[in-house]
Trainee: 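For reference, the structure I am asking about is given below.
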Amino acid sequence: MDYLARLNDEQRLAVETLDGPLLVLAGAGTGKTRVLTTRFAHILLTKRAWPSQVLAVTFTNKAAREMRERIAAMLGSKVEGLWLGTFHALGARMLRRHAALAGLEPGFSILDTDDQLRLLKPLMQEAGLDLHRFPPPALMGRIQRWKDRGLTPSRVTPADDDTDFAQGKARALYASYQERLASVNAVDFGDLLLHATELLRNHPDVLAEYHRSLRYILVDEYQDTNLVQYLWLRLLAQAHRNICCVGDDDQSIYSWRGAEVENILRFEQDFPGARVVRLEANYRSTAPILAAAAALISHNEGRLGKTLRPGREGAEGEKVAVIGLRDSDEEARMVGQRIEALRREGNSLAEVAILVRASFQTRAFEERLIAWAIPYRVVGGLRFYERAEIRDAVAYLRATLRPGDDLAFERVLNVPKRGLGDAALRRLRETARAQGVPLAGAAEALGGRTGEAFTRLVAGFARWRETLRRDGPVLCLREILDESGYLEMLEKDRSPEAPGRVENLKELGRALAEFETLEGFLDHVSLVMENDENAAGDRVSLMTLHGAKGLEFDTVFLPGWEDGLFPNQRALEEGGAKALEEERRLAYVGLTRARLRAIVSHVASRRFYSGWQPAYPSRFIDELPEDRVEHSGSTMLEREAALSAPAVFASVFPSPVRLPRVRDVPEAGGRNARAAPIAVGARVFHQKFGYGEVMESEGDRLVVRFENQERPKSLISSYVEPA
DNA sequence: CGTCGTCTTATTTTT
DNA sequence: TAAGACGACG
């Protein structure tokens, strides 16, 4: 039992409290994952259950993988047959087992966002809606929210559909959307859990079967569960009630995706007799960082209440830096310089992260990092499955496997170009509908050149189907890519992305080789597969705050702490006071990612759309404890902006009026101060305009005549560098 | 059917 | 500003 000895008292309690409902409130950096995996291993090692009798749910594939690896490490061998995965993957697994009971055929497809919209759009048109006034993605979002709440079309009440969105047709459209899905034997992402839950609700025998087989349930990141996930869990836990949920209400940041913090706040009522264990000893961050995070989050109401305390004695460290700067370029320069300095001191770049509120902020940093040859990676962005070439290849595979998969067929119909455009597709749809056959079955009906192209494609699919049957999926994919002309299309493509796309397809082929059946692989691709290209290497990580949850770094830069951007104005408009608290939790998540140092920055002027807009320090900065924070930077500009400009963000929750802070002294060494003003006659360099000569100079404004520009340009001096 | 130019609209996005 | 969507034209 030496694995128990490695835990502190509270962690140990969380691991050993095995019977009955348990809520583990795990503050940031308190060893949440360790508790979860140790608990899992403990259940197995004490022979309380077999691996197949424990259900462990996470939100991300990454978390699931990490858990799997750590359990294997603890047990000394890989464990098979675990019910361990994301909510969606487990939902899919259940649904495949009982497809017929959910009104599906066993080989149903899982649709991506494109497919969903392609299905919904025509329905909206038929309903006579103006798609400009009611954009399909907006309706899709509403449907998704209903699904998050476990509402099938028949369960949606008028109260759930209280706006006149889509002229009151939203509910009806939801119903017909679900019908269309069923008719093409497909589900969307939200359906995986909705159907799985309905399945358990409507079939007591199936539920009883799971009650018999699943004795323990472990849930990670419980604060991010939505209602349907909660219902699913509750159904499964009903009988034995051995459910252990781990989470942190202070890190709930996905309400806009349907997550309900209430789930965690309500846990003790939902599961009477529940025990609660708090993990509060933080082994990650220095005392100032912890104190700053704690002070910040204390401004939220309705918390379950936890206080992070340093897990180690003497974990003093640098104060949290708060730096005011002129604009985002200067902010990027400051960050770049500090990263340079860290690198010179021998720090690993993999231990540095820049965490932004909104993805557009990454650009300024990318430019700076490229210019200074600092390796970085942008985390997040497109997932493997979301890449066009992967979707195309998958659609080819889907249409090969399932002749009736019209959505897949439609997607690849004209990729590569075969002269089959909108008009042809429309005729094809009509014929197919009239004859009651899938699109691919209607090809012969069309005459002329279009018909020929169609027939050729359909013949191709027949051939590939034969290859799939005879030689398996790998050869089939190769044949598809060759014979369809897809690979040729990419090879002819001279754009810089093309080689990467070819590479991605190769990667797809390699992954495919690991699977016995194409069906299994298709699920893997849409539910699990991720792209981990450039994951390795000593690089700075650049990502959104949302993307950073669960990660930690020695050094964390938190730029853009300005009212309007962070807390985000749009979020506040939509979600009111609750949204402000969620933004604050996001700030808390950001701060607690840092082990040794956190650098918060804000600028006086930020670029929005076209022009520059004055910006004000985030109210969150005021909520940091003065004695743990060190302010620096050019606040003169901040004051100027504050005094001269009208409020940019007419906030529903106005930031308190602030007095200009008296701390105009630039940081020692003038790191953030501009070099001497650029003199008239100086030669300068501009990213876009190239080299030029300064004609006039006043304050930070310059007039420059560039060599390859006819007219002199007026610009701000921070845009040019002395040449 | 494909290309070019104009118009439009700018958060976060685990699956 | 700058990328993506859409409609008019060739």
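Please read all numbers here as calculations on a predicted model, not as lab measurements. In what follows, every chain begins at residue 1, and chains take the letters A, B, ... in the order their sequences are listed.
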Trainee: What's the CZ-C1' distance between A:Arg363 and C:dA3, to the nearest Å?
Mentor: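 Taking atom C1' of C:dA3 as the reference, CZ of A:Arg363 is at 10 Å.
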
Trainee: What's the CZ-P distance between A:Arg606 and C:dT1, to the nearest Å?
Mentor: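 Answer to the nearest Å: 18 Å.
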
Trainee: Hey, what's the ring geometry for A:Phe515 with A:His524, parallel, tilted or perpendicular (30° and 60° as the breaks)?
Mentor: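 The rings of A:Phe515 and A:His524 sit tilted, inter-plane angle from 30° to 60°.
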
Trainee: Regarding A:Asp249 and A:Gln223, is there a side-chain donor-to-acceptor distance under 3.5 Å anywhere?
Mentor: no

Trainee: Rounded to the nearest Å, what distance is computed from the CD atom of residue A:Glu582 to the P atom of nucleotide B:dT12?
Mentor: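 Spelled out: CD on A:Glu582 to P on B:dT12 is 14 Å.
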
Trainee: Whole angstroms only, please: what is the CG-C1' distance between A:Leu580 and B:dT11?
Mentor: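 Roughly 16 Å, once rounded to whole Å.
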
Trainee: Once you apply a heavy-atom cut-off of 4.0 Å, does A:Tyr254 come out as touching a base, just sugar-phosphate, or nothing?
Mentor: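 Here A:Tyr254 touches the bases of the nucleic acid.
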
Trainee: Closest approach to the side chain of A:Thr544, judged atom by atom: which nucleotide of B:dT11, B:dT13, B:dT15 is it?
Mentor: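 Per side-chain heavy atoms of A:Thr544, the pick is B:dT13.
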
Trainee: Apply side chain to side chain contact (heavy atoms under 4.5 Å, CB included) to the pair A:Arg606 and A:Asp327, showing each step before the final yes or no.
Mentor: CA-CA 6 Å; A:Arg606 191 164 286 278; A:Asp327 56 37; over 6 Å; no

Trainee: Whole-Å distance between B:dT15 C1' and A:Glu221 CD?
Mentor: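 Atom CD in A:Glu221 sits about 14 Å away from atom C1' in B:dT15.
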
Trainee: If I pick the P atom on C:dG4 and the same atom on B:dT11, what distance separates them, to the nearest angstrom?
Mentor: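 One P to the other, the span is 13 Å.
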
Trainee: Quantified in whole Å, what is the P atom distance between nucleotide B:dT12 and nucleotide C:dA3?
Mentor: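 Result for the P pair: 16 Å, nearest Å.
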
Trainee: Any donor-acceptor pair under 3.5 Å linking the side-chain atoms of A:Tyr222 with those of A:Asn263?
Mentor: no

Trainee: Which nucleotide wins on minimum distance to the side chain of A:Arg570, given the candidates B:dT15, B:dT12, B:dT11?
Mentor: B:dT11

Trainee: Apply side chain to side chain donor-acceptor pair (under 3.5 Å) to the pair A:Lys32 and A:Gln251, showing each step before the final yes or no.
Mentor: CA-CA 13 Å; A:Lys32 178 195 74 167; A:Gln251 292 187 63; over 6 Å; no

Trainee: With DNA chain B as reference, determine whether A:Arg357 or A:Ser526 sits nearer its 5' end, using the nearest nucleotide of each.
Mentor: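 The residue whose closest nucleotide sits nearer the 5' end is A:Arg357.
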
Trainee: Heavy atoms only, 4.0 Å cut-off, all strands: where does A:Asn61 land among base, sugar-phosphate and nothing?
Mentor: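 Counting heavy atoms under 4.0 Å across all strands, the contact made by A:Asn61 is with sugar-phosphate only.
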
Trainee: Relative to the 5' end of DNA chain B, which residue comes earlier, A:Asn414 or A:Leu545, by the nucleotide with the nearest heavy atom?
Mentor: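 With A:Asn414 and A:Leu545 compared, the 5'-side residue is A:Asn414.
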
Trainee: Using a cut-off of 4.0 Å on non-hydrogen atoms, how would the nucleic acid contact of A:Ala358 be classed: base, sugar-phosphate, or nothing?
Mentor: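 Sugar-phosphate, backbone atoms only, no base.
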
Trainee: Please give, in whole Å, the distance from B:dC1 C1' to A:Arg427 CZ?
Mentor: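 My rounded result for the distance is 13 Å.
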
Trainee: Quick one: A:Lys417 NZ to B:dG2 P, roughly how many Å, whole number?
Mentor: 5 Å

Trainee: Name the nucleic acid region contacted by A:Ser359, choosing base, sugar-phosphate or nothing; use a 4.0 angstrom heavy-atom cut-off, strictly under.
Mentor: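 Since only primed, P, OP1 and OP2 atoms lie under 4.0 Å of A:Ser359, the category is sugar-phosphate.
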
Trainee: Output the rounded distance in Å from CG (A:Leu527) to P (B:dT15).
Mentor: 10 Å

